[in-house]
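Have a look at the structure below before the remarks.
None of the values given here were measured: they were computed from a predicted structure. Whatever order the structure lists them in is the order used to number ligands and atoms, beginning at 1.
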Amino acid sequence: MYSDKVMEHFTDPQNVGEIENPDGVGQVGNPTCGDVMRITIKVEDGHIADIKFKTLGCAAAIATSSITTEMAKGKSLEEAMEITRKRVAEELGGLPPQKMHCSNLAAEGLHKAIEDYRAKHPQPAGGQTSD
Ligand code: FES
């Protein structure tokens, strides 16, 4: 039922854990099944320097979380915001239709972590520094 890539990330998930003193935290629950995931990020120079996840969920949720952290690492915040659940599923070689909802968790968790970072670190208007 799952692609090789899903199985690979499920059996050997990348970036598992929690960053100490993270710059942003995103936690989401899946209303369909009650599963939960939490993403923590470190941001340097507008890029995701480090990212870790903890997921209490099914095989698809763990695989999507793992690949999402790999896709996001090193990306600018803008690029990371463009990682959608559709792109995550494509990257995994597809998900069974009844498992598509599981890929919500990772993309949403990532976006929430970035929003949390932005809320805590407001940019000066215009994005430029004076003098
Ligand atoms: Fe809950 Fe997949 S069944 S995330």
Can a non-hydrogen atom of A61 be found less than 4.0 Å from any atom of ligand 1? yes
Quick check: closest heavy atoms across A107 and R85, and the distance to 0.1 Å? CB-N, 3.7 Å
Atoms of ligand 1 close to K99 [distance to a heavy atom under 4.0 angstrom, numbered from 1]: 2 (Fe), 3 (S)
Taking 4.0 angstrom as the limit and counting only heavy atoms of C33, give me the atoms of ligand 1 inside it, by number and element. 1 (Fe), 3 (S), 4 (S)
Quick check against the 3.5 Å criterion: does T40 have a side-chain atom that pairs as donor or acceptor with the backbone of E18? no
Atom name in D35, limited to N/O/S, at shortest distance from atom 1 (Fe) of ligand 1: OD2
Would you mind telling me which of R118, K120, K112 makes a salt bridge (charged side-chain N to carboxylate O under 4.0 Å, His left out) with D116? K120
Distance check, rounded to the nearest 0.5 Å: E82 atom CD versus E78 atom CD? 8.5 Å
Looking at K99, is its backbone amide N or carbonyl O close enough to the side chain of H101 to form a donor-acceptor pair, meaning the two atoms are under 3.5 Å apart? no
Filtering S65, A60, C58 for the heavy atom nearest atom 3 (S) of ligand 1 leaves C58
Are the side chain of S66 and the backbone of I62 linked by a donor-acceptor contact shorter than 3.5 Å? no
Answer yes or no as to whether an N/O/S atom of C102 is found below 2.8 Å from atom 2 (Fe) of ligand 1. yes
Under 2.8 Å from atom 1 (Fe) of ligand 1, is there an N/O/S atom belonging to H101? no
